[in-house]
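Down below is the structure, laid out as C-alpha cells.
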Amino acid sequence: MSTEEKPAAAPRSLAEALRGRDDAELAALLRSRPDLVTPVPTDLTQLATRAGTRASVVRALDRLDLFTLQTAQALAVAADPAPYDELLGLLAGDEGDRAVSAALPGAVRTLREQALVWGDDDRLRLVRTARELLSPSPQHPSPTGLGPTVREATAGMSPGRIQEIVTTVGLPSTHDSVSAVAALTGLFTDRERMAELLAEVPFESLEVLERLVWGPPYGQVTADPATRLRRLLDRGLLLPTAPGTVVLPREVALHLRGGRAHRTVEPVPPPVGAAATHPPQVVDATAAGQAYTALATVEELLKDWDEGGPAVLRSGGLSLRDLKRTAVALDVTEPVAAFWVELAYAAGLLASDGEADERYAATPAYDTWRERPAAERWTTLAAAWLTATRTPGLVGGRDAKDHTLSALGPGLDRSAAPEVRRRVLTLLAGLPEGAAPDAGSVSERLRWERPLRATGGAAGSGSTGSGTGSGSGSGGGDDLRSRLARWTLTEAEMLGVTGRGALSAHGRALLGMPAPKAHAERTDRSPEPTGPGDRLPVHHRPAVPPQDSPAPHSPLLTALTPAEQAAASAAAARLLAPQLPEPLDHVLLQADLTAVAPGPLQRPLADMLGVLADVESKGGATVYRFTPGSVRRALDAGRAATDLHAFLAAHSRTPVPQPLTYLIDDVARRHGHLRVGAASAYVRCDDDAMLNEILADKRAAGLGLRRLAPTVLAAQADPAGLLEGLRQMGFAPAAESAEGDVLITRTDARRTPPRAAPEPVPEGPPVPDDTLLAAAIRAVRAGDLASTAPRKAKAGEADAGAGSGELPRTGSAETLATVQAAVLTGESLWIGYVNAEGAASQRVIAPVRVEGGFVTAYDHTADEVRTYPLHRITGVAELADDEN
C-alpha cells in the first residue's frame with residue numbers, strides 16, 4: 001500500500017468545512033461574528049446551523065466591504081456550486097481586469113473566513129441563506145440588475161411554447177421540456193452562437209434589450225406586442241413571466257454585458273483626497289487653541305448650571321427652549337450647544353439630580369475634573385467623545401414615532417458612531433502630515449467599506465421602452481454613516497482633535513498611533529520627560545493602516561482596550577500640554593471699572609474674579625466688568641471689603657483704579673445694612689429713615705410690607721423674593737439666619753449625587769475576549785467529538801458508525817457495568833448526561849474510578865477530570881476502534 005497521504009475529501013457541508021479549520025481560524029470566525037458564540041454552540045454542526053440563520057447572515061453581509069459584497073452577489077447569480085474561474089469571469093468580464101484578478105482571492109478568503117462561502121476553489125458554495133438574500137427575484141431585485149435564468153423563467157411555460165422557441169432559434173426539437181430548456185441555455189451561454197443569433201435581430205429590437213440589460217430586467221408589454229418585441233419573444237431573448245410582463249433572461253443579459261455581473265466593479269477602495277495642506281506646526285497650534293476653547297466652553301456651561309440647571313422633560317432630555325437659552329449663554333448655535341451638552345454628559349460631568357423636581361446639574365466628578373491639569377481634562381473629554389454612542393447631530397430630528405429628538409434625551413444612541421469616528425480619524429492619519437481631507441472622499445471611502453446592501457428600486461414594473469440601469473454601486477442617499485462622518489469632522493475640529501481639518505499630533509496619539517517621523521524629529525530637539533507610558537501598547541496593530549486596504553470587518557480590530565486607551569490618553573496629554581498657554585496669576589485693572597485677563601487665569605484667580613466681576617467679552621483676552629451687583633455677589637460669598645482690596649492689589653499688574661476702590665467701599669458700606677429673615681419674611685434695620693423710604697417706594701407694593709417696630713418690617717413675600725425685590729430697588733440687603741447671623745451664599749452650590757458616565761450602547765453582541773474564545777472553541781471541539789465519535793454496534797444492530805446526535809439510552813445496570821469495564825480497560829465511552837438544570841449533552845469520557853454512585857473520569861469535552869452522578873447518565877456506548 002502506498003505510504004503517501006490520501007488527499008482530504010472535499011467538504012460536503014459547511015459543518016464539515018468548519019471541522020477542517022484550526023483553532024485560530026475558528027477564533028477569527030467567532031471574533032468577527034460574535035453572535036455565533038452566544039450561547040456557546042454544543043458542536044460544530046450547531047455552529048454551522050447558527051451561521052446560516054437569516055439574522056446572523058444579514059449582520060455578516062452588512063459588515064462586508066463593497067467588493068467582497070459584490071463577490072457574494074456574483075456568487076448568488078452563478079451556478080451552485082461555482083468554480084473560481086466562473087466567479088472571476090462574472091466580476092472581471094470577458095476582457096478581464098487585473099485589479100479584479102488581484103483582489104478576488106482576498107474577497108473569497110474573507111467570505112470563507114466569515115463562513116458565508118465554503119468549498120474548494122472548484123466548488124465554491126454560498127451559504128443557502130445568503131444566496132436567498134442576494135439572488136434576483138421579482139420581490140427582491142438583485143443589485144446586479146440580473147433576472148432569473150432561462151430554467152427559472154420557463155418554469156411555468158407550456159411545453160409547446162418552449163418547443164416553438166427552440167425551433168425558432170435553429171435548435172433541433174426535443175421530446176421533453178427539460179432537455180429543450182437545457183439546449184436553449186447552452187445556446188445563450190455560447191458566445192459565438194449567441195453572437196450569430198443576435199446578428200439576425202434588427203437594431204430596433206436590440207435597442208429594447210439594451211434598455212433592460214443593466215436592470216431592472218422586467219418590462220411591460222401589451223397583449224399584442226410590437227414587431228420589435230415579437231422577434232425577441234419568438235427567440236426567447238425575452239420571456240413572459242406573467243400577463244403583460246416579460247423578463248430578460250440572465251444568460252442573455254450576461255452575454256450583452258460581456259460576462260459582467262456588475263456594471264461597475266470596485267475592487268480597490270477609493271482614496272481619501274486632501275483638500276488642503278498646512279504646516280504641521282500650524283495644525284498642532286490651531287488644534288491646541290481649539291482644545292483650550294473646548295475646556296473653557298464646558299466650564300462655562302457647567303458654571304451656568306451651578307445653582308441648578310434646566311428642568312428635565314417628562315420624556316427625558318432638555319427642552320428646546322432651554323437649549324436655546326444655553327446656546328445664547330455660550331454664544332453658539334443650537335446644534336453646537338447640543339454637542340457641548342452631550343459631551344459633558346458623556347464625560348460624566350453632567351447629569352440629572354434625581355429629585356422630585358428633576359433638574360440637570362454638574363456631578364461631583366466635575367469638581368475633581370476641574371482640579372486636573374488642562375491637558376488631562378481635555379483627554380477626558382476627547383476619550384469620552386471617541387467612544388460615546390450618543391450622537392448630538394441627531395438633536396432636532398425625528399424618531400420612528402415622529403417625536404422630536406432632544407439633547408440629553410432618549411433615542412440619540414447610535415452604535416455605529418464610535419466605529420465611524422475612529423475610522424474617519426484613522427483615514428486622516430493615513431494622509432500626509434498636515435493634510436486636511438476632502439469630506440466627500442471620506443464619505444465615499446466609508447460607503448465603500450460598508451455599502452448599503454439594498455440598492456435600486458422595486459423590480460418588475462419597468463417599461464421595455466424606458467429601462468433604467470441600476471448599476472452596482474453602493475447606493476446613494478444621505479445614509480447614517482455619511483452623516484456620522486461629516487459630524488465627526490466637525491466635532492473633531494471643535495474639540496481640538498484636528499486643526500484646520502488635519503489630524504493633530506495629540507489627536508493621532510489619542511488613537512494609539514505613534515507620532516509621525518517628522519513630528520518625532522521636531523520633538524527630539526526639545527527635551528521632554530520620558531517614562532514607561534511614553535510607548536503605547538500598539539504592537540498588535542499597524543501604525544497607520546494603508547489607505548488602499550479595506551477596513552477591518554470588526555470595529556474591535558481598531559478599537560483600544562481600556563488600558564491601551566488610558567496609555568493613549570496619557571501620551572496625547574503629554575503632546576498637548578506644551579501647546580496650551582500657561583495660566584496667568586495676574587490681570588490688568590483699568591479706570592473704566594474693567595479688568596483685562598491677557599490669557600487663561602490660574603484656577604483660584606479665575607474663580608474669585610468670576611464672582612467679583614461679570615464677563616463682558618471673550619477672545620484672545622477676556623474682559624471683566626465690575627458692577628455694584630458683582631461686588632455685592634462677592635460680599636454675599638463672605639468676602640470683606642478689605643479682602644477684595646487686598647486681592648485686587650495682589651493680582652493686578654497695574655495700580656488699582658480709584659473708581660474701583662470707591663465702588664467696593666460704597667457697596668460694602670451699604671451691604672448688610674438691611675437684614676432679611678423668615679417670618680414669612682422680615683426686614684430689620686437700625687436706620688428707621690431707610691425703612692420709611694422703603695415703605696414709601698411704590699415698587700415695594702408687591703412685597704406686602706408693614707411696620708412691626710421702628711426698626712422692623714414684616715413682609716408677605718418669602719425671604720428669597722424679598723431679597724430680590726429690595727435689590728431691584730437699589731438696596732443691598734443681606735440674608736440672616738434664625739440666630740441673626742449673616743448667611744454666606746456659596747458660589748458652588750448644587751451638585752448631583754455621584755453619577756457614572758453613560759455606557760455606550762454596543763452594536764450587537766460584544767466581541768468575546770481571548771479567554772472566552774479559547775473556552776468556547778474547546779467546548780465546541782469536545783462536543784463535536786462526542787457527537788461524531790464512532791460507536792460500537794450492539795448485538796443485533798448494524799454498525800453504529802458516526803454519532804447520530806441522539807443521546808444513548810441504557811439501563812442503570814448496563815450503564816454501571818459498562819463504566820466499570822471501561823475503568824479496567826482504560827477505554828473511552830460516549831455518554832449522555834443531564835445536569836441539575838435539566839440540560840442534556842453528549843460527552844466523551846475516560847472513566848478512572850467508580851464509587852459511591854459517582855464516576856470520576858477525564859472529560860474530553862471539558863479537557864479536565866470531573867465527577868458525574870451515575871443517576872444523571874442517561875446511557876453509555878463504547879467507541880469503535882479506529883480504522884487504519
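For the numbers below, each heavy atom of this structure counts, side chains included, while hydrogens, waters and symmetry mates do not.
- Between the side chains of Arg19 and Thr45, a donor-acceptor pair is found at a separation under 3.5 Å.
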Let me see the working for Leu386 and Leu511 under side chain to side chain contact (heavy atoms under 4.5 Å, CB included), right down to the final yes or no. CA-CA 9 Å; Leu386 195 61; Leu511 297 175; 4.1 Å; yes

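- Rounding to the nearest 0.5 Å gives a distance of 11.5 Å between CZ of Arg486 and CG of Leu446.
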Would Trp385 and Arg421 count as a side chain to side chain contact (heavy atoms under 4.5 Å, CB included) if you check the C-alpha gap in whole Å, the side-chain angles of each, and the deciding distance to 0.1 Å? CA-CA 9 Å; Trp385 168 76; Arg421 291 192 192 108; 3.5 Å; yes

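- Note: Glu342 CD to Leu394 CG = 9.5 Å, rounded to the nearest 0.5 Å.
- With hydrogens and angles ignored, the 3.5 Å screen pairs no side-chain donor or acceptor of Thr38 with any backbone N or O of Asp35.
- Although no hydrogens or angles enter the test, the distance criterion places a donor-acceptor pair under 3.5 Å between the side chain of Arg257 and the main chain of Val213.
- The pair Glu419-Arg423 does not meet the salt-bridge criterion, since no charged nitrogen lies less than 4.0 angstrom from a carboxylate oxygen.
- One finds no salt bridge joining Arg450 and Asp479 here, because no Lys/Arg side-chain nitrogen approaches an Asp/Glu carboxylate oxygen to under 4.0 Å.
- Under 3.5 Å, the side chains of Arg151 and Thr185 contain no donor-acceptor pair of N or O atoms.
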Using the rule given for side chain to side chain donor-acceptor pair (under 3.5 Å), can you reason through Ser32 versus Gln114, listing the C-alpha separation, both sets of side-chain angles and the distance that settles it, and then say yes or no? CA-CA 7 Å; Ser32 61; Gln114 298 283 307; 3.1 Å; yes

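- In plain terms, the two heavy atoms of Pro41 and Val780 that are nearest each other are O-CG2, 3.4 Å.
- No side-chain donor-acceptor contact under 3.5 Å links Glu444 to the backbone of Gly440.
- Within 6.0 Å of CZ on Arg128 lie no more than 12 heavy atoms contributed by other residues, nucleotides or ligands.
- A pairwise comparison of heavy atoms in Leu212 and Pro216 identifies CD2-O, 3.6 Å as the closest pair.
- Between the side chains of Gln73 and Ser142, no donor N or O sits under 3.5 Å from an acceptor N or O.
- Formation of a donor-acceptor pair under 3.5 Å by the Arg390 side chain with backbone atoms of Asp413 is not found in this model.
- A donor-acceptor distance shorter than 3.5 angstrom exists from the side chain of Thr874 to the backbone of Gly832, with no hydrogens or angles considered.
- The closest donor-acceptor contact from the side chain of Thr389 to the backbone of Val761 lies under 3.5 Å.
- The number of heavy-atom neighbours closer than 6.0 Å to CZ of Arg398, taken from other residues, nucleotides and ligands shown, is above 12.
- Residue Gly317 comes nearest to Ser406 through the heavy atom pair CA-OG, 3.8 Å, listed as atom of the first residue, atom of the second, then distance.
- Contact annotation: the side chain of Asp97 approaches that of Arg260 to within less than 4.5 Å [non-hydrogen atoms, C-beta and beyond].
- A side-chain contact (heavy atoms from CB on, under 4.5 Å) with Leu26 holds for exactly one of Ile777, Leu773, Val37; it is Ile777.
- At least one side-chain heavy atom of Leu428 sits less than 4.5 Å from a side-chain heavy atom of Leu489.
- Between the CG atom of Asp769 and the OG1 atom of Thr561 there is a distance of 11.5 Å, given to the nearest 0.5 Å.
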Let's go through Leu91 and Leu104 carefully: what are the C-alpha distance in whole Å and the side-chain angles of both, what is the deciding distance for side chain to side chain contact (heavy atoms under 4.5 Å, CB included) to 0.1 Å, and is it a yes or a no? CA-CA 9 Å; Leu91 290 168; Leu104 185 56; 3.4 Å; yes

Quick one: do Arg125 and Asp80 satisfy salt bridge (Lys or Arg N to Asp or Glu O under 4.0 Å)? Show the steps, please. CA-CA 6 Å; Arg125 289 183 180 273; Asp80 186 26; 3.5 Å; yes

Any chance you could lay out the side chain to side chain contact (heavy atoms under 4.5 Å, CB included) test for Val117 and Thr110, step after step, and finish with the verdict? CA-CA 9 Å; Val117 167; Thr110 298; over 6 Å; no

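- Under the 4.5 Å side-chain criterion, counting only non-hydrogen atoms from C-beta, Arg33 is in contact with Ser56.
- Contact annotation: the side chain of Trp214 never approaches that of Thr264 to less than 4.5 Å [non-hydrogen atoms, C-beta and beyond].
- Checking side-chain atoms of Gln565 against main-chain N and O of Leu510 turns up a donor-acceptor pair under 3.5 Å.
- Residues Tyr84 and Asp122 have side chains not in contact (no heavy-atom distance under 4.5 Å, counting atoms from C-beta outward).
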Derivation and outcome, salt bridge (Lys or Arg N to Asp or Glu O under 4.0 Å), residues Arg445 and Asp65: CA-CA 10 Å; Arg445 176 60 173 267; Asp65 62 64; over 6 Å; no

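- The side-chain heavy atoms of Ile845 and Tyr833, taken from C-beta on, include no pair separated by under 4.5 Å.
- Within the 4.5 Å cutoff, no side-chain heavy atoms of Glu86 are placed close to those of Leu124.
- In this structure, the side chain of Glu251 engages the main chain of Val150 through a donor-acceptor pair within 3.5 Å.
- Residues Pro11 and Trp118 approach most closely at O-CZ3, 3.4 Å, considering heavy atoms.
- Using a 4.0 Å cut-off between a side-chain N of Lys or Arg and a carboxylate O of Asp or Glu, Glu132 and Arg54 do not qualify as a salt bridge.
- Atom-to-atom distance recorded for Thr189:OG1 and Leu254:CG is 10.0 Å, nearest 0.5 angstrom.
- Expressed to the nearest 0.5 Å, how far CG of Leu90 lies from CG of Leu75 amounts to 8.0 Å.
- Taking all atoms of both residues into account, the shortest heavy-atom contact from Tyr218 to Pro148 is OH-CD, 3.6 Å.
- Distance check: Trp448 CH2 to Ser443 OG gives 16.0 Å after rounding to the nearest 0.5 Å.
- Side-chain atoms of Glu25 come within 3.5 Å of backbone N or O of Asp22 as a donor-acceptor pair.
- Salt-bridge formation is not detected for the pair Asp23/Arg778: no Lys NZ or Arg NE/NH1/NH2 atom is positioned less than 4.0 Å from an Asp or Glu carboxylate oxygen.
- Scanning all heavy atoms of the two residues, the minimum distance from Thr391 to Ala417 falls at OG1-CB, 3.9 Å.
- Pro269 places none of its side-chain heavy atoms less than 4.5 Å from the side chain of Glu449.
- Under 4.0 Å is where a charged nitrogen must lie from a carboxylate oxygen, and between Arg112 and Asp120 no such pair does.
- Using modelled atom types, no side-chain atom of Gln46 and backbone atom of Asp43 make a donor-acceptor pair closer than 3.5 Å.
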